[in-house]
Amino acid sequence: MSHTSKATERARCVVHVDLDCFYVQVERKMNPELLKVPCAVVQYNKFQGGGIIALSYEAKARGVRRSMRGNDARVVCPDIRLVTVPTANEKADLTRYRNAGSSVFEVCARHSDLCERTSIDEAYLDITLQARTLLSNMDEFKRRLRLSGVMIGTESNLADSDEFEKEIFWKDSLQPENNDTQDSLLAAGSVIVAEIRAAVKDKTGYTLSAGISHNKMLSKLVSGKNKPNKQTVLSSTKVEKLLSRLPLRDLNGFGGKLGDKLIDKCSIKYVGDLKKYSLMKLAKMAIGSEIVRINSATWMSQACRGICTETVKSRIAAKSISCGKTFRGPTRLRSIDNVKEYIDKLSIELAERLQNAKQKHRQVAKLITVSYHTGSKTVKRKGQEINLTGNISKSRSCRCPATPNAVNISKAVMQVLEKELDSECIRAGVTCLYIGASKLENVRDEATGIDTLLKKVVSASTATSESDSHLYIQKPKQAAKRRTGIEQMFTRPLTPYEPNKKPNRSLQAATRVSNDGGDIQQKEETKPTIHNLFFRAKSKSTKSNSSIRIQNQLTWNQVDQTVFRELPSELQKEVMSSIRSEMPQQATRRKRFKWSQKP
DNA sequence: CATTATGACGCT
DNA sequence: AGCGTCAT
């Protein structure tokens, strides 16, 4: 199976961390009365007691479920405490939870090699190197193992699990003494995770659950197996068995339409069943019956064997910021003014959060997007009024204003929206409004956009000399913080922000799929993907179009005059020369005098 | 009238 | 650029 030395060398220790009923924990920290009693967090308690978006384990045990109405929860659990999400600008405001999450993942980031925040209350960690280091010193490992309280090679707290699960998780599954197995890496990782969880609890008061395995998919799969406040390890030796009986929809990525199609049309019950479809067959399914998308085939053939090569990135800040509100039934918006009223409100929140992103993460947005849903239209057919379901959703984007305050954001959004909201939309009513900021770029200056401009200037000019290097955004130097005692041994400084590479599930490396289901080692040989197996010719012809992107050159209308004025004269020259080279002289000259008008 | 708000990312 | 899918 997978216990080759090669597999062990390359095996990673990847962790999925998941805050337990997080909104409830946040509310409980603010109001300890809520501790130990069934309680739930709802938003908008006016209608039927509000919608439940988080619930305590006491409430869950009483049959309360997420998405229930507060009133329905009271039926099954009369003594439930309902807490309402704060409201600002006439909408639910999740700031409190976002910030609480940040505090948690800052701790995680400090204590792990890599921390990738994936939502308000979840993150992946890669602690491979830390685990290896710990393994290299057995005495140290044993000492910290004792301190951590982690049990290795024994059955742990699996009261709620069935026999099948008990066999898979923990029971005799880890042999830390054996340096050659992937299990010892996970054993060391388990100790480190326990320490991280203790640090989070200590610094923030919050508890979390974690899954520990060799890749993102597997760690996520098991992180919730022992909630709350427990960690679960999944050995590579148990993966094949686990997947063979795992309902397909329970695996990340198969919970939606794709999973439904595979279940309905291919009579696949368990993840392991997918193994009987070779890569070829999956591809043919994609081509012939449109059950799967062609580019999903490679990913699927790996996933069903427990393989997931996606790396853990280093990022705790969001890549986009958005806020929105739905307007159901009679509250749907039926006039432009009404829409503007709410765009104004949403803009206030977005502006605040953008300011926060700038202060906290040095992020500056380049793009604003507005999207809306418009209600189902009623159409007359054969004299009958027929209600066409399926709401229409639209989105438009525009450049983010240089000073993204609420007024400017609202102005920019309304400008694109007014063209869109025709009488048709207004008659049907707007049922949903979202605005968001994306293309967040990392800057170090106070002056908004100046680094971006410099980057553009430099990339537009051909040569990149060493002397230019100071123009680029520097990764923050890792502060050599002094730590003492045990903490020193497993903590790391915060990792700097790194923009992600664009991932592609199928066309990435890692395509070879072995037949031994337990093998979760990374495959790095680049083999033909489904795509070029079947579309070699096509992919060649499209390559020049899609995969090779020429960077946009700087044009006058991209240059903000206030930004330009701040540049050293030497750079002003550079900017001008870079622009002159691509524009007709006349146009350039004319614009130079008029360029106070921005696009 | 009622599963909200918010992310990430793939496809075209 | 805009739309669709998946997740919680």
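Note on naming: letters A, B, ... go to the chains in the order of the sequence lines (proteins, then strands), and numbering restarts at 1 for each one.
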Among dT3(B), dT6(B), dT4(B), which is the nearest nucleotide to the side chain of L94(A)?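 Side chain of L94(A) sits closest to dT6(B).
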
If you check every side-chain atom of R98(A), which of dA8(B), dT6(B), dT4(B) has the closest atom?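 Closest of the options to the side chain of R98(A): dT6(B).
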
Looking only at side-chain N and O atoms, does [X] come under 4.0 Å of OP1 or OP2 in [N]?
X: R65(A); N: dT3(B); value: no
X: R328(A); N: dT3(B); value: no
X: T118(A); N: dG7(B); value: no
X: Y44(A); N: dA5(B); value: yes
X: K319(A); N: dG7(B); value: no
X: K216(A); N: dA8(B); value: no
X: T369(A); N: dA1(C); value: no
X: S397(A); N: dG2(C); value: yes
X: S320(A); N: dG7(B); value: no

Measure the distance from [atom1] on [X] to [atom2] on [N] and round it to the nearest whole Å.
X: L333(A); N: dC1(B); atom1: CG; atom2: C1'; answer: 14 Å
X: F105(A); N: dG7(B); atom1: CZ; atom2: P; answer: 14 Å
X: I52(A); N: dA5(B); atom1: CD1; atom2: C1'; answer: 16 Å
X: R334(A); N: dC1(B); atom1: CZ; atom2: P; answer: 12 Å
X: F47(A); N: dT4(B); atom1: CZ; atom2: P; answer: 10 Å
X: E310(A); N: dC9(B); atom1: CD; atom2: C1'; answer: 10 Å
X: R69(A); N: dA2(B); atom1: CZ; atom2: P; answer: 10 Å
X: H373(A); N: dA5(B); atom1: NE2; atom2: C1'; answer: 12 Å

Carboxylate-amine/guanidinium contact [X] [Y], below 4.0 Å:
X: E420(A); Y: K394(A); result: no
X: R117(A); Y: E122(A); result: no
X: R65(A); Y: D72(A); result: no

Under 4.0 Å, heavy atoms only, any strand: does [X] hit a base, just the sugar-phosphate, or nothing?
X: K439(A); result: sugar-phosphate
X: R117(A); result: nothing
X: E420(A); result: nothing
X: I120(A); result: nothing

Could you tell me which non-hydrogen atom of [X] sits nearest to which non-hydrogen atom of [Y], and how far apart they are?
X: Y57(A); Y: C21(A); answer: CE1-SG, 3.7 Å
X: K29(A); Y: T204(A); answer: NZ-O, 2.7 Å
X: K340(A); Y: S410(A); answer: NZ-OG, 4.3 Å

With a 3.5 Å cut-off and no angle check, do the side chains of [X] and [Y] form a donor-acceptor pair?
X: S335(A); Y: D337(A); value: no
X: N338(A); Y: E341(A); value: yes
X: H16(A); Y: S223(A); value: yes

Partners meeting salt bridge (Lys or Arg N to Asp or Glu O under 4.0 Å) with R334(A) (sequence neighbours left out): none

At under 4.0 Å between heavy atoms, how does the protein contact nucleotides 3-8 of chain C? Give one character per nucleotide, 5' to 3', with B, S or -. SSSSSS

Given the C1' atoms of dT3(B) and dC6(C), what is the spacing between them in whole Å? 15 Å

Once the angle between the rings of Y97(A) and Y23(A) is folded into 0 to 90°, is it parallel (under 30°), tilted (30 to 60°) or perpendicular (over 60°)?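 Aromatic pair Y97(A)/Y23(A) classed parallel.
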
Its dot-bracket string being built from Watson-Crick and G-U pairs below 3.5 Å, with | for another strand and [ ] for crossing, DNA chain B has the pattern ....||||||||

Residue whose closest nucleotide on DNA chain B lies nearer the 5' end, T331(A) versus S322(A): T331(A)

